[in-house]
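Since this is a predicted model, take the numbers as computed values, not measurements. Both ligands and their constituent atoms are indexed starting at 1 by order of listing.
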Amino acid sequence: MKIAILTSGGDSSGMNPAIKKFVEYSTEKGYEPYFIYDGLEGLIDGKIKKAEYKDVGGIIYRGGTIIRSSRSKRWFDKTFRKKAYENLKKEKIDMLVILGGDGSFRALNVFYNEFKVPFMGIPASIDNDLALNEYMIGVDTALNVIRCAIDDIRDTASSFSRAFVIETMGRECGYLALTSAIANGAEMCLIPEVPYNLENLKKRYLKEIKEGRTYFIAIVAEGLKISNKIKEWFEEKIGFESRITILGHIQRGGSPTVIERLRAAEFIKVAMDNYENNPNKIVTYYNEKFILRDLEEIVNNKYELNKEMLELAKPLMGIE
Ligand code: F6P
């Protein structure tokens, strides 16, 4: 049996350990592993190549994806999806393993409904925004990159008595901001999922300043698009000089953490062990267990942020 792996959408740290395990474990099981380079774009262009052990030597500690990724506009056009299907037929690929996020699984859903190419999906994206799933490959490394950045910013913020607005990635999902704000002792956490109250925050901050507070760390999710507004708010309403740090793409890089490496290996094992009896599933991680779910179930639901975490962060959003 020939199986091919591709990485799609925003790359995330931990994809490489998954690719390595894919080649090793599928060979162990007697399958023939293939790489599809450049994600869905490469699938359209037929960039399919047999994978070998030597391709994955020394990649376990590297961020990114050695088979590269893309966001494909052409995929929305059926002519190109048909081309992709013909490429798979030509190479006699029996099954696809896709590492990606919500957008990639929606793209896969369309493809599966049209051409019925068997697949297994593995959640990978720093956004952590997949329905019925609590962990995506890349999120732990991103949280650690953010943690290091906040530690460094705190040095300068505290030395200068400033307010720092730190913008995290995540598209419309506030997971990175929420988790980082709690884990790093921020004073403010603003995310798209929850309405915030600046008036309440102002009352608290002014009281804290009287009691001796000398600087602020504010974590703002990129999806809100309000980092400038919050910077100005700190200057005008709180009376603190303020700076913005947009963390940007550094959150996608870095050597995968131990958690990423372990879970990447486990995701691949679960996918490969279940493919023959239970194909066409997304392997999710939920309540500390790996659970196979239908693609339709994933794409027809919306992710939810953890309620306990939201509760913990309420004061940082001005919710009383
Ligand atoms: O989906 C991952 C992500 O890093 C988002 O958090 C971010 O909004 C987006 O990708 C950035 O996309 P690009 O790499 O195309 O600039």
Side-chain angles (χ1 to χ4, degrees), residues 6-16 18-19 37-42 44 62-76 98-109 121-150 165-181 183-184 189-194 219-228 230 244-257 260 263-264 267 282 284-285 298-299 302-305:
L6 71 85
T7 47
S8 176
D11 54 276
S12 64
S13 194
M15 283 179 162
N16 278 332
I19 293 166
Y37 288 91
D38 296 325
L40 296 175
E41 281 288 285
I44 293 170
R62 286 172 55 191
T65 156
I66 58 153
I67 54 175
R68 302 188 297 271
S69 189
S70 61
R71 301 192 202 282
S72 175
K73 288 211 175 76
R74 290 189 294 167
W75 193 261
F76 293 104
I98 299 203
L99 265 69
D102 188 57
S104 305
F105 294 147
R106 284 175 198 281
L108 179 61
N109 194 32
I122 295 178
S125 161
I126 65 162
D127 298 346
N128 217 20
D129 59 349
L130 197 69
L132 308 170
N133 179 61
E134 285 164 355
Y135 162 81
M136 300 178 81
I137 292 175
V139 77
D140 190 58
T141 309
L143 287 172
N144 278 290
V145 169
I146 298 169
R147 172 181 63 81
C148 292
I150 296 175
V165 177
I166 303 174
E167 186 180 291
T168 51
M169 273 189 168
R171 291 186 192 278
E172 300 308 310
C173 176
Y175 176 84
L176 289 177
L178 175 66
T179 312
S180 300
N184 298 289
C189 171
L190 305 183
I191 59 175
E193 293 86 347
V194 183
I219 313 292
V220 177
E222 68 173 355
L224 282 172
K225 298 186 175 65
I226 53 163
S227 295
N228 274 315
I230 298 302
I244 301 176
T245 304
I246 296 175
L247 295 180
H249 288 79
I250 60 164
Q251 293 161 98
R252 291 235 294 256
S255 181
T257 61
E260 311 281 20
R263 297 243 175 101
F267 267 123
I282 305 294
T284 60
Y285 187 78
I298 299 284
V299 297
K302 194 171 162 29
Y303 77 88
E304 276 178 32
L305 292 174

* Structure fact -> Output for pair (I98 CD1, F105 CZ), nearest 0.5 Å, gives 7.5 Å
* To do: Apply side-chain contact (heavy atoms from CB on, under 4.5 Å) to the pair S227 and I246, showing each step before the final yes or no.
  => CA-CA 9 Å; S227 295; I246 296 175; 5.5 Å; no
* Among all protein heavy atoms, pick out the one at the shortest distance from atom 4 (O) of ligand 1; state its residue, atom name and that distance to 0.1 Å. => R252 NH1, 2.8 Å
* Beyond-backbone contact of L247 with M169, side-chain heavy atoms, under 4.5 angstrom -> no
* Closer than 4.0 angstrom: is that true for some heavy atom of G170 and an atom of ligand 1? -> yes
* Would you check whether Q251 reaches within less than 4.0 Å of ligand 1, judged by its heavy atoms? => no
* Which atoms from ligand 1 have a heavy atom of D127 less than 4.0 Å away? -> 1 (O), 2 (C), 3 (C), 5 (C), 6 (O)
* Asked: Going by the order shown, which atoms of ligand 1 are within less than 4.0 Å of some heavy atom of E222?
  -> 5 (C), 6 (O), 7 (C), 8 (O)
* Structure fact -> heavy-atom search around atom 16 (O) of ligand 1 in the protein gives H249 NE2, 3.1 Å
* Note, S125 side chain near S12 side chain (heavy atom, < 4.5 Å) -> no
* Does a side chain donor of either N144 or R147 reach within less than 3.5 Å of an acceptor in the other side chain? -> yes
* Asked: Going through the checks in order, is the side chain to side chain donor-acceptor pair (under 3.5 Å) test met by Y303 and E193?
  -> CA-CA 11 Å; Y303 77 88; E193 293 86 347; 2.3 Å; yes
* Considering only heavy atoms of R71, which atoms of ligand 1 have at least one such atom less than 4.0 Å away? -> 9 (C), 10 (O), 11 (C), 12 (O), 13 (P), 14 (O), 15 (O)
